[in-house]
Amino acid sequence: PDAAGRRAALLRERIRFHNHRYYVLDAPEIPDSEYDRLFAELQGLEARHPELITPDSPTQRVGAAPLDSFAPIRHRVPMISLDNAMSDAKLVEFHQRVIKRLDAAGETICYVAEPKLDGLAINLRYEQGMLVQAATRGDGATGEEVTANIRTIQSVPLRLRESDWPAVVEVRGEVYMTRAGFERLNREAAARGERLFANPRNAAAGSLRQLDPRITATRPLRFCCYGWGELSHVPETTQFAMLQRLASWGIPISRELRQVAGLDGCRTYFDALQARRERLGYDIDGVVFKVDRLADQVQLGATVRHPNWAIARKFPATEVLTQ
Ligand SMILES: NC(=O)n1nc(-c2ccco2)nc1N
């Protein structure tokens, strides 16, 4: 490609790097003014040479035409939901079932622990490293295609970093809104005399359900990965290592992700997150524990409704007193 093509490719790569630093790592390396200059230069170059525009260009995040409806998408791997443990006794029962099914009496099971985000579950499909499709969970078997809306979320990479990813990578995670983003959104809606959202989860769901991606683009949505769907091959042997790999490809994962040892490790993590619940900056309704070894997950399998290798240890419902 000629000089303009090379310059466009360089700008895309540098803007993608700085987007990752800012939106995924929350650790920008350059001031906003320099970022804006790079972005404006790429926009100018693409305006003069439209043939240089690529689907993964950072300028292609805001969709144009609104849709009439969302297309149905059948999940290659069903998106099943977590079973809930509403008490410590139920967590003990879950752990004892794991021990029994793995015939692991006397062994210490390693679990992966993370906050249970209160948003909505999404599947992101990447082919050859490019984001090609995004779908809601729906009923677990069939969801709705929301690709244009998901592309407006800055923390969702349009193209995976590195090049050691499998040909097909389906990323699963939660689209959510921080409390600060939710409160700013409602302040702006109130100033315009519009209806307010009841909570961040409804605001996130409502923003993704917009047929016009230009509206979604104005909403402060975030994405956090917690797992995966179809993978052409699985390059790691544990849940924790697999999530670190997804993070190396530019996918945001929870900074609260931890490996914990056995039932006591789960209890300690649960108590710690419950104590910090109000200071996280985003709504969680519990913590999730998953058996770390993928071979154990396969051996434990799943029922029609839930995996046998994961549990959501929920917080007691808080009494919300409506004024
Ligand atoms: N909502 C949430 O934070 N989830 N949901 C899962 C999940 C759902 C099915 C398997 O894993 N994991 C986490 N952290």
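Note that this is a predicted model, so its numbers are computed, not measured. Note that the numbering runs from 1 along the sequence shown for the chain. All ligand and atom numbering here is 1-based and tracks the order in the structure.
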> With atoms numbered from 1 as shown, which atoms in ligand 1 lie under 4.0 angstrom from a non-hydrogen atom of Leu117?
1 (N), 2 (C), 3 (O)
> Any heavy atom of Ile284 sitting closer than 4.0 Å to ligand 1?
no
> Please determine whether a side-chain nitrogen of the Lys or Arg among Asp283 and Arg277 lies less than 4.0 Å from a carboxylate oxygen of the Asp or Glu.
no
> Between Lys90 and Glu93, is there a side-chain N and carboxylate O pair less than 4.0 Å apart?
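Yes, charged N to carboxylate O under 4.0 Å.
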> Can you see which heavy atom on Cys224 is nearest to which on Ser254, and at what distance?
SG-N, 3.3 Å
> Run the salt-bridge test on Glu174 and Arg222 with the 4.0 Å N-O cut-off and return the result as yes or no.
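Arg222 and Glu174: not salt-bridged.
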> Quick one: which of Arg101, Gln297, Arg293 gives a side chain to side chain contact (heavy atoms under 4.5 Å, CB included) with Trp309?
Gln297
> Quick one: nearest non-hydrogen protein atom to atom 4 (N) of ligand 1, plus distance?
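Nearest protein contact, heavy atoms only, for atom 4 (N) of ligand 1 is Tyr226 CD2, 3.5 Å.
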> Nearest protein heavy-atom contact for atom 10 (C) of ligand 1: which residue, which atom, what distance?
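Answer for atom 10 (C) of ligand 1: Leu82 CD2, 3.7 Å.
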> Looking at ligand 1, does Lys290 have a heavy atom less than 4.0 Å from it?
yes
> Within the 4.0 Å heavy-atom shell around Ile80, which atoms of ligand 1 are there?
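That gives atoms 9 (C) of ligand 1.
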> So, Asp118 versus Tyr282: side-chain donor-acceptor pair below 3.5 Å or not?
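Tyr282 and Asp118 do not have a side-chain donor-acceptor pair below 3.5 Å.
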> Would you mind running through ligand 1 and noting each atom that sits below 4.0 Å from a heavy atom of Pro115?
3 (O), 14 (N)
> Where does Glu174 meet ligand 1, judged by heavy-atom distances below 4.0 Å: at the side chain, the backbone, both, or neither?
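For Glu174, only side-chain atoms sit under 4.0 Å from ligand 1.
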> Work out which heavy atom in Glu145 is nearest to a heavy atom in Ile73; give both atom names and the distance.
CB-CG1, 3.6 Å
> Hey, does Ser81 come in under 3.5 Å of ligand 1, counting only N/O atoms on both sides?
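In this structure, Ser81 places no N or O atom under 3.5 Å from an N or O of ligand 1.
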